[in-house]
Structures are given as C-alpha cells and as structure tokens.
2 protein chains.
Amino acid sequence: MEYMYAHVSIDCVVFGFDGRELNILLIEKEGTTDLKLPGSLIYQMEDTDSAAQRVLFELTGIRRMSLKQFRCFSSPDRTADVRDVAWLESTYGHPVGRLITIAYLSLCKINRTLSAAAHSSGARWCPVSGVPVMPFDHNRIVEESLGEIRQWIETEPAMLFELLPSKFTLSELRGLYQAIYRKRFDIRNFCKKVARMAYVVRLDEKQTDVAHRAAHYYKFDRIAYNRTRRAVE
Amino acid sequence: MEYMYAHVSIDCVVFGFDGRELNILLIEKEGTTDLKLPGSLIYQMEDTDSAAQRVLFELTGIRRMSLKQFRCFSSPDRTADVRDVAWLESTYGHPVGRLITIAYLSLCKINRTLSAAAHSSGARWCPVSGVPVMPFDHNRIVEESLGEIRQWIETEPAMLFELLPSKFTLSELRGLYQAIYRKRFDIRNFCKKVARMAYVVRLDEKQTDVAHRAAHYYKFDRIAYNRTRRAVE
DNA sequence: TCAAAAGTGTTCGATATACACCCATGC
DNA sequence: GCATGGGTGTATATCGAACACTTTTGA
C-alpha cells in the first residue's frame, strides 16, 4: 500500500466577542463570495506554529497573536466535494491530491483594525450562531473549536482578556463568560467571583454618556496574574 | 516558495501503571536495540485516527484501545539527525524527505498480553522517570504527553480505570493519582473523595495472603459513571 | 418619574485540606 | 508482639448556587 504523501494546510478559528456573543473571523473563498476559515497550504520548510502565524498575518494583518494548535483533521472525506477540489487546484495552480489540515484556535479583540490584506480577502466577523455552510470540513472544525476554547480558558484564564478591550465593565466580562459557557451567571455571584480574581482590578474611571447608572471600568493586571499562576504551580 | 508535501506518521504514547509509577510502552527501532515510541508512516487513504489504531495493533497487538490525538509535531528539526533520516530510508525503502507526525495518547493495563508482533518489535514498558534518549523528537512528545494525560483524565475520569486491573484496592487507585499528579494525597481525604465517586464501588472481596490487614477490592461501575456524566451535562 | 443597568450580602451545601489513631493480618 | 499497611472522623476554609433590593443616570 502507498504511504501518505500529503499537502498540509493550516486553518485558524479566530474568535472575537461583540458584547453579546462569540464571533468567528471568516474570509471569502478566493474568487467567490462564499466564506471559509482563514487558512492556506503551508511551505515545505515551515513549522505549523509559525505557518499559522504567517497565514493569519497574510490574510488579516493580525500579528503576534496567541495561537493554539488544537487538532489535525485528516479524513479522506474532507476533500470529498469536487467543487472544493476544483477550487483548490485553481487557487494553487496545480493538483493538490491528499490534503490534511492543522487547526488553530485564536482570540482577538473584535474591533482590532484589520489590514488592507484583510479587506482584499473579504475578512469579516460572523456570529457563531450564524456561520454559513463552508467548504471542506470547516463547519466541523468550528464545532470542535467551541469545546476547545473553554479548555484553553480554564488552563489559561488570561486568554479571556484577549477578547475584551483593555478597559472593560463587569457586565462585558460577564457577557463573555455567558457566551463561552452558554449559560447565565448570577450577577451577585459573578461580582464575588471577580473580586476573588486578584488580576482583575477596578479602575477609578467610569462609563460616561450612558442612559443609566455608569459602570466602573476594570483592567487585567498581568503582573498580578503571573504571581497567582506561579503560586498555583 | 514550495508548498509542503510531506509524509505523515503516527506516534503513540501508551501509558501503563505498575502500582508505583507511570510507564510508557516503547519498541525497538527496527534493526537496532534502541528504543522509540511505537509509530509508523500511514497510508494514503487513511484517517489518522484509524491509522493510529492500526499502527498500535500491528506493533503491539493492542486493539480497541482508547486513543486520543493530542498534537501534531511538524518542526523541520525533528529530522535534523542524519542517523534518523538514514534509518527512515532504510526502513521504508525510499527517501522520506519532509515528515510530520501526529501524536496520540493511550492508556493500557500494564499486564495486558502483548502479541507475537509485540515481541518481534521488541515492545517493553519503561518507567517515565527513566525513558532513554530516543530518535526524532520522541522525548519531546513524551514530555508533552505528561501534561495531556491529566487533562484527559479531568475531562473523562473513566480513563483512569484503563490503567488499573478490573479489581483494584484503594491504595492502587491512590498510587495512580499520585503518579499522575506527582504529589501525595492524604489517605483519609482520599478515601472520602473515592466514597463520593458513585462509580467506584466496593466489593465484598478482600485481598488474601498479604502480610497485613487485607484491603477491600473495588471496581469501576460504568453504568453509574454514565449516569453521573449525563447529570453533569 | 421612569426605564435601565449597576452593584451589594446572606445562607446553604459541597469540596479540599490538615491532622492521629485503632484495626487486621502474617510472621 | 510487632511490623505493615488498611481504614476511619473532625474542624476549617473556600467555592458555587440561590435569592431581592437600592442606587445612579439620562431621557
């Protein structure tokens, strides 16, 4: 039997938070208006981790982003759709044959400025509750990523704050927890929980111009965070 | 630049527990007495999950084993050692070039009978505290697997019992926790913890022929386990 | 003055941790 | 009778869950 000889791609599931629900950054499939995960074949001498950085930068302008590999998708069926294969071959200019992909997870502030490259690749945020049908196994990759994001945040809670502006209110933070865990958190219990997190500190500053009582802003204190992390280990 | 076109292998980190510490199943590098992780190139039309099942079966006779993919290792440096490359080419009978591997984690009763295939591949258990220097990045794969095993067991505690005989004592179970978390658990607190696990049930049977008070045997009750799991979700 | 969101305290049950002694058995 | 490991209970701290009202602000 013949040994696998495969092209390798990267696909990135980049999450953003719009204050209400999680969104995913999708790009247009080159030459169409269909959406897909940002991803690309990688080069012969690349490591997948650095390839993921590169691919995300080229498609969206996002650099120095925390990226976490979460799974290899290798089913022969992932290129079962002949339209996907035709698109691959026209995009890369040669037959692609067997293709496996390494999926990465990333978190990003949703108002982060995307580059000109991002505009030309038709990048846009799409709520997780409404992701369209996508080529290959991209829908499956997105589904699996939703479980991974919780695990990532449990082992490294600092990651949460990659999704929030540098100053945020308690209700934004609570909304984020609710979006990730898909359940309500009681306000009073949530405030106590946050009070126990030494690395979430209240600022003197408050909201202005809101049609109700102004909320305090909070910030993430990385130094305090590293202290507590070292204490845990 | 040239797109990656790579051979793909599977490497399995199979853990066993000898009552004292975690062990890893290693095989002899074909044609040598050096040890390495059980693994192999995979075939063109295989999915990595089924390839992992196949490879493990061919090398050790272990079938129907829980296997969990945990990471792709793709650094170009992983084939930096020319001896590793020479071995690959002589084993597979053709040049291999770029090679990435998908690492799997598995848990196994250490006294499980290995097949004739296992003997011919020189399979043996090796304590994690004393794994030899291995080819490629196998030492790194083992290091990373040690963190993964805890995560796996936290999300799916039933996995623990794949490492124990079907009847086991509390001190065996405690020894296993201690090996995995690399810390002592107080006996009294540990007994209480186990008492809370509805899926670990005490049998009437006791040890015999021991030079001290005989311990009760316990067993894992999968039905009770599934009940508690469903309650959690 | 009303609508809308901010923010605060108590009680309960579950769990983790710390800690010391008597029990059963084979030798 | 002694060495060896088996097995039990109490006190404290932390944490998650349930639950309702007052405060601030702009419109």
Side-chain angles (χ1 to χ4, degrees), chain A residues 18-20 150 153-155 157 160 164-165 167-219 228-229 231-233, chain B residues 18-20 150 153-155 157 160 164-165 167-219 224 227-229 231-233:
Chain A
D18 64 9
R20 187 169 286 247
R150 279 181 229 167
I153 275 159
E154 267 154 39
T155 57
L160 273 174
L164 291 172
K167 292 184 299 192
F168 51 87
T169 64
L170 278 187
S171 61
E172 287 173 314
L173 183 58
R174 189 165 70 101
L176 178 53
Y177 268 92
Q178 294 185 156
I180 290 175
Y181 289 95
R182 296 175 172 285
K183 67 167 198 170
R184 285 215 183 294
F185 287 84
D186 177 84
I187 303 188
R188 289 160 291 184
N189 294 333
F190 188 78
C191 292
K192 276 184 298 182
K193 185 213 209 48
V194 173
R196 268 183 255 125
M197 300 178 187
Y199 52 87
V200 178
V201 303
R202 180 190 277 199
L203 305 176
D204 289 330
E205 198 177 346
K206 289 187 176 189
Q207 288 179 318
T208 53
D209 300 321
V210 285
H212 52 77
R213 180 173 166 180
H216 281 95
Y217 283 113
Y218 288 74
K219 67 161 191 171
T228 65
R229 285 283 106 177
V232 167
E233 292 155 25
Chain B
D18 64 9
R20 189 168 285 248
R150 279 181 229 167
I153 275 159
E154 267 154 38
T155 57
L160 272 174
L164 291 172
K167 292 184 299 192
F168 50 87
T169 64
L170 278 187
S171 60
E172 287 173 314
L173 183 57
R174 189 165 70 101
L176 178 52
Y177 269 92
Q178 294 184 157
I180 291 175
Y181 289 95
R182 296 175 173 283
K183 67 165 197 172
R184 286 216 182 292
F185 287 83
D186 177 85
I187 302 188
R188 289 162 289 184
N189 294 333
F190 188 78
C191 292
K192 277 184 297 182
K193 184 210 208 50
V194 174
R196 277 190 299 261
M197 299 179 187
Y199 52 87
V200 178
V201 303
R202 180 190 278 198
L203 305 176
D204 289 330
E205 199 178 346
K206 290 187 177 189
Q207 288 179 320
T208 53
D209 300 320
V210 285
H212 52 77
R213 180 173 167 181
H216 281 95
Y217 284 113
Y218 288 75
K219 68 161 190 169
R227 261 201 300 276
T228 63
R229 285 283 107 177
V232 168
E233 292 155 28

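In what follows, chains are A, B, ... by sequence order, proteins preceding strands, each numbered from 1.
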- From CD of A:Gln178 across to P of C:dA5 the rounded distance in Å is 13 Å
- Can you tell me the distance, in whole Å, between the CZ atom of A:Phe168 and the C1' atom of C:dA6? 16 Å
- Message: For a 4.5 angstrom cut-off between non-hydrogen side-chain atoms, does B:Leu203 reach B:Tyr218?
- Response: no
- May I ask you to test the B:His216-B:Leu170 pair for a side-chain heavy-atom distance under 4.5 Å? no
- Side-chain (B:Arg150) to main-chain (B:Ile180) donor-acceptor, under 3.5 angstrom: yes
- Task: Mind calculating the distance between CD1 (B:Ile187) and P (C:dC21) to the nearest angstrom?
- Result: 15 Å
- Item | Length of the CZ-C1' vector between A:Phe190 and C:dG7, whole Å | 13 Å
- Whole angstrom value for the distance that separates C1' of D:dG5 from CZ of B:Arg184: 14 Å
- Which atom names give the shortest non-hydrogen contact between B:Thr155 and B:Arg229, and what distance separates them? O-NH1, 3.0 Å
- Heavy-atom pair of closest approach, residues B:Met197 and B:Tyr177: CE-OH, 3.3 Å
- For residues A:Arg174 and A:Lys193, determine if any side-chain heavy atom of one lies less than 4.5 Å from a side-chain heavy atom of the other. no
- Query: Reckon B:Thr169 has a side-chain N or O less than 4.0 Å from the OP1 or OP2 of D:dG6?
  - Reply: no
- Task: Using whole Å, report how far CZ of A:Arg174 lies from P of C:dA5.
- Result: 11 Å
What does the list of N/O pairs under 3.5 Å between the protein and nucleotides 24-27 of chain D look like, with a distance for each?
unit_1: D:dT24; atom_1: O2; unit_2: A:Arg213; atom_2: N; d: 2.9

- Task: Considering just the side-chain nitrogens and oxygens of B:Ser171, establish if one lies under 4.0 Å of OP1 or OP2 belonging to D:dG5.
- Result: no
- Would you mind classifying the nucleic acid contact of A:Arg202 as base, sugar-phosphate or nothing, using non-hydrogen atoms under 4.0 angstrom? sugar-phosphate
- Item | Contact letters for nucleotides 11-19 of chain D, in which S counts primed atoms plus P, OP1 and OP2 and B counts the base, heavy atoms under 4.0 Å | ----SSBBB
- Message: At less than 4.0 Å, is any side-chain N or O atom of B:His216 found next to OP1 or OP2 of D:dG6? Yes or no.
- Response: no
- Does NZ or CZ of B:Lys183 fall inside the cone over B:Phe185's six-membered ring, less than 6.0 Å from its centre and within 45° of the axis? yes
- Has B:Arg20 got more than 12 heavy atoms of other residues, nucleotides or ligands less than 6.0 Å from its CZ? no
- List for me each residue that meets side-chain contact (heavy atoms from CB on, under 4.5 Å) alongside B:Ala224, sequence neighbours excluded, and say none if there are none. B:Tyr199, B:Asp221, B:Arg227
